[in-house]
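None of the values given here were measured: they were computed from a predicted structure.
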Amino acid sequence: MIDEQLARGWLRALAPPPIVAPTTFAETQIILPGSANAMPGPLRLTAYQREPIDAISDDDVEIIVLMLASQTGKSTVINAIMGHCVAGDPGPMLHVSPTGARSEEFVRERFDPLVSSSPVLRGLIGKGQDTRKGSSGGTNSLAAKTFPGGQLSFASSFKADELAARAVKYLFLDEIDRFAASAGPEGDPIALAMKRTKTFEGKGRKIVIVSTPTSRVGSRINQWYLRGDQRRFVVQCPDCGNSAPFVFENLKWDEGKPKTAHLSCDGCGVVIDEAKRRAMIEEGRWEATTTGEPGIRSYHITELSSLFSTMASVAQNFEAAVTPEAKQVFYNTTLAQVYDAGTEVELSSSELQQRAEKIAPHYASTLGFVSAGVDVQSNRLEVTFLGHHADQTFSVLNHLKLPGDTSGDAVWQQLDAAMASTFTTSDGRALPVLIQAVDSGFNADQVVKFVQSQRRKSRASYAVKGKAGFDRMPLAAGGRLKGQLKLLLVGVDAVKLAVQKALAIDDLSPGHIRLPDHLDEDYFAGLASEQLRSRVVKGVPRYEFFRTVRRNEPLDCLVYAYAISKHPYVQAAIAKPSAATKPKPSIQESAKRLVALSQPMR
């Protein structure tokens, strides 16, 4: 009769090893070495590192794309995945670096120290399934590592022979935007390496593609990211519950003082300090923004969502990026965005300022009506008054900066006084502001209050919100702001392009925008603060605006003033001019009229 305890022992010995999640393995078995980490010791993963690591064991995922900024711990993600594959699900593996030197650097400075400090990995690397007496039967070199059940090889994107050898189950392509354009006469190194996974296609193969993007048209990592489901790391505002990624456009700070940097919530405008940002990140999650190709899961994250960076650091890096080369580095490594210096319309702030002319206070007789565009920030309002001429040209009549806390009433009272301004033309007409657009992206409660107060004064005022996308109408109806006010959506991409083209017109042909000579240098820098750049998506050019100067409020105000002039109210109003817009009679005409009135009736 078989002993029960002995039978149980046999069963335990024959049972398959327990299935351990990759993140569980990483946090229980990987020890970070002091030689390559600021915080050595047992690995503790961040919220945004977990899902990409666990994706390696997801049966529905074959290709994992990581378009990550610097200071987000992407090396840790790669090492954790590789460690799990070595210990938990072994098979033939290949890691490809841009160059041979980078490959050796990765092994010496990253992988080998990690193996040495982690007992489980140290006990496996350099061992093989077949052993000889007095030998481990394994390999542990800069070019290859063996372990029970598989082998890890290291290759350069420049060497075709290293990319086209034995079949591999796990393929790691590291910093692919720095890969060779072609591995000699063999062609694309990525395609060559992927051919090695064909044997395992549909049988557990995994391909991990990692890089920060570059400026090259058709950035490889960007193309792969767009082929996937384009996941963004979303955080939730603890004040209003709004969920959205942290974006650079919402990072605010006092110029020259990056330590004052803070984020603002898109939903309620609340200030997010460093402590709140870190807490929000720990509770964050990944969300897919599209369907993508089957089996491809893609991730994008910036330094603003990193626990290894700070908002002050991002602000400081942006302020330091004063040359095109430095801006290239900032957008690529800090924001993980493709940055291309090419632009369809090139505007120079100095050239715009040089062609500025005297416009105020005697405005041209061709001036037909005035529109206003307001940009709302936490500590100020800015407003542009745009004149529309009968010859289809435009004039920036004035631009005001109104400092003050926009959550209070005082600064809005200043804006109310500004909206009461009139512009007297050379033929004696006093033109009021015909229509105004007020940005509702910040302090929306105050925007609702202001717009309603303007309407009580019979002023045509509208709350607007910018929406990206060149396929959008310049002005369209939206939902309701705070459930109280109809919202108008401005197709900012199309309008910005129209405004930039208008600013680029040198002569007085239709569309030309005259600029006043009484505004300061910052205003003209703000007009030239954004550039249109193209990138290729699946062979099709895609255009996006990128900010090159931090203060872009003058451009935003001009865009809103331009867009709101397309409102149907404008055409109806100018068809019936008010008494205030009628030309005042000259002294001679008034004298003749008095003489005529004094004559006796016949």
Exercise. Could you tell me if the ring centre of F394 sits under 6.0 Å from that of H512?
Key: no
Practice problem: Only counting residues at least two apart or in another chain, list the ones meeting side chain to side chain donor-acceptor pair (under 3.5 Å) with R297. | Solution: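 Per chain and number, R297 pairs via side chain to side chain donor-acceptor pair (under 3.5 Å) with D58.
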Atom [atom1] in [X], atom [atom2] in [Y]: separation rounded to 0.5 Å?
X    : Y    : atom1 : atom2 : value
N443 : F450 : CG    : CZ    : 13.5 Å
L555 : Y523 : CG    : OH    : 9.0 Å
T334 : Q316 : OG1   : CD    : 11.0 Å
L527 : T384 : CG    : OG1   : 7.5 Å
I281 : L307 : CD1   : CG    : 4.5 Å
D405 : S378 : CG    : OG    : 7.5 Å

So do the side chains of [X] and [Y] get within less than 4.5 Å of each other, counting heavy atoms only?
X    : Y    : answer
F246 : T302 : no
H399 : C557 : yes
R380 : E553 : yes
T406 : W412 : yes
S565 : L386 : no
S219 : Y225 : no
Q223 : R227 : no
R277 : H262 : no

Practice problem: Kindly indicate whether a cation-pi arrangement holds for R455 with Y462, taking the cut-offs as under 6.0 Å to the six-membered ring centre and within 45° of the axis. | Solution: yes
Quiz item: Between T425 and L431, is a side-chain contact (heavy atoms from CB on, under 4.5 Å) present by the stated rule, with each step listed?
Solution: CA-CA 8 Å; T425 62; L431 296 177; 3.9 Å; yes
Exercise. Could you go through the side-chain contact (heavy atoms from CB on, under 4.5 Å) check for K465 and L481 one step at a time?
Key: CA-CA 10 Å; K465 188 166 187 177; L481 184 61; over 6 Å; no
Quiz item: Hey, mind stepping through V383 and V374 against side-chain contact (heavy atoms from CB on, under 4.5 Å) and telling me if it holds?
Solution: CA-CA 4 Å; V383 55; V374 181; 3.8 Å; yes
Heavy-atom donor-acceptor pair, [X] side chain to [Y] backbone, under 3.5 Å:
X    : Y    : answer
R429 : L367 : yes
D229 : S298 : yes
Q236 : G241 : yes

Go through the side-chain N and O atoms of [X] and [Y] and say whether any donor and acceptor fall under 3.5 Å apart.
X    : Y    : result
S309 : Q71  : no
Q230 : H300 : no
D409 : Q446 : yes
N250 : D266 : yes

Which heavy atom of [X] sits nearest a heavy atom of [Y], and at what distance?
X    : Y    : value
P432 : V370 : O-CB, 3.9 Å
T212 : L68  : CG2-O, 2.8 Å
A460 : L434 : CB-O, 3.5 Å
F524 : A356 : CZ-CB, 3.9 Å
Q49  : T72  : NE2-O, 3.8 Å
R459 : A420 : NH2-CB, 3.2 Å

Self-check item: Qualifying residue for side-chain hydrogen bond (donor to acceptor under 3.5 Å, both in side chains) with Y299, from R232, K74, E51
Solution: E51
In this structure, are over 12 heavy atoms from other groups packed under 6.0 Å from [X] atom [atom1]?
X    : atom1 : value
K449 : NZ    : no
Q484 : CD    : yes
E249 : CD    : yes

Practice problem: May I have the step-by-step check of side-chain contact (heavy atoms from CB on, under 4.5 Å) for D239 and K276, ending in yes or no? | Solution: CA-CA 11 Å; D239 289 78; K276 184 178 286 189; 3.1 Å; yes
Practice problem: Assign the ring pair F423 / F385 to parallel, tilted or perpendicular, where the plane angle (0 to 90°) is split at 30° and 60°. | Solution: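 Taking F385 first and then F423, their aromatic rings sit tilted (interplane angle of 30° to 60°).
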Quiz item: Which pairs pass side-chain hydrogen bond (donor to acceptor under 3.5 Å, both in side chains) with one or both residues in residues 351-370, sequence neighbours excluded?
Solution: T366-H389
Practice problem: Dump the intermediate steps for side-chain hydrogen bond (donor to acceptor under 3.5 Å, both in side chains) on Q454 and S461, then the final yes or no. | Solution: CA-CA 6 Å; Q454 294 297 287; S461 183; 5.5 Å; no
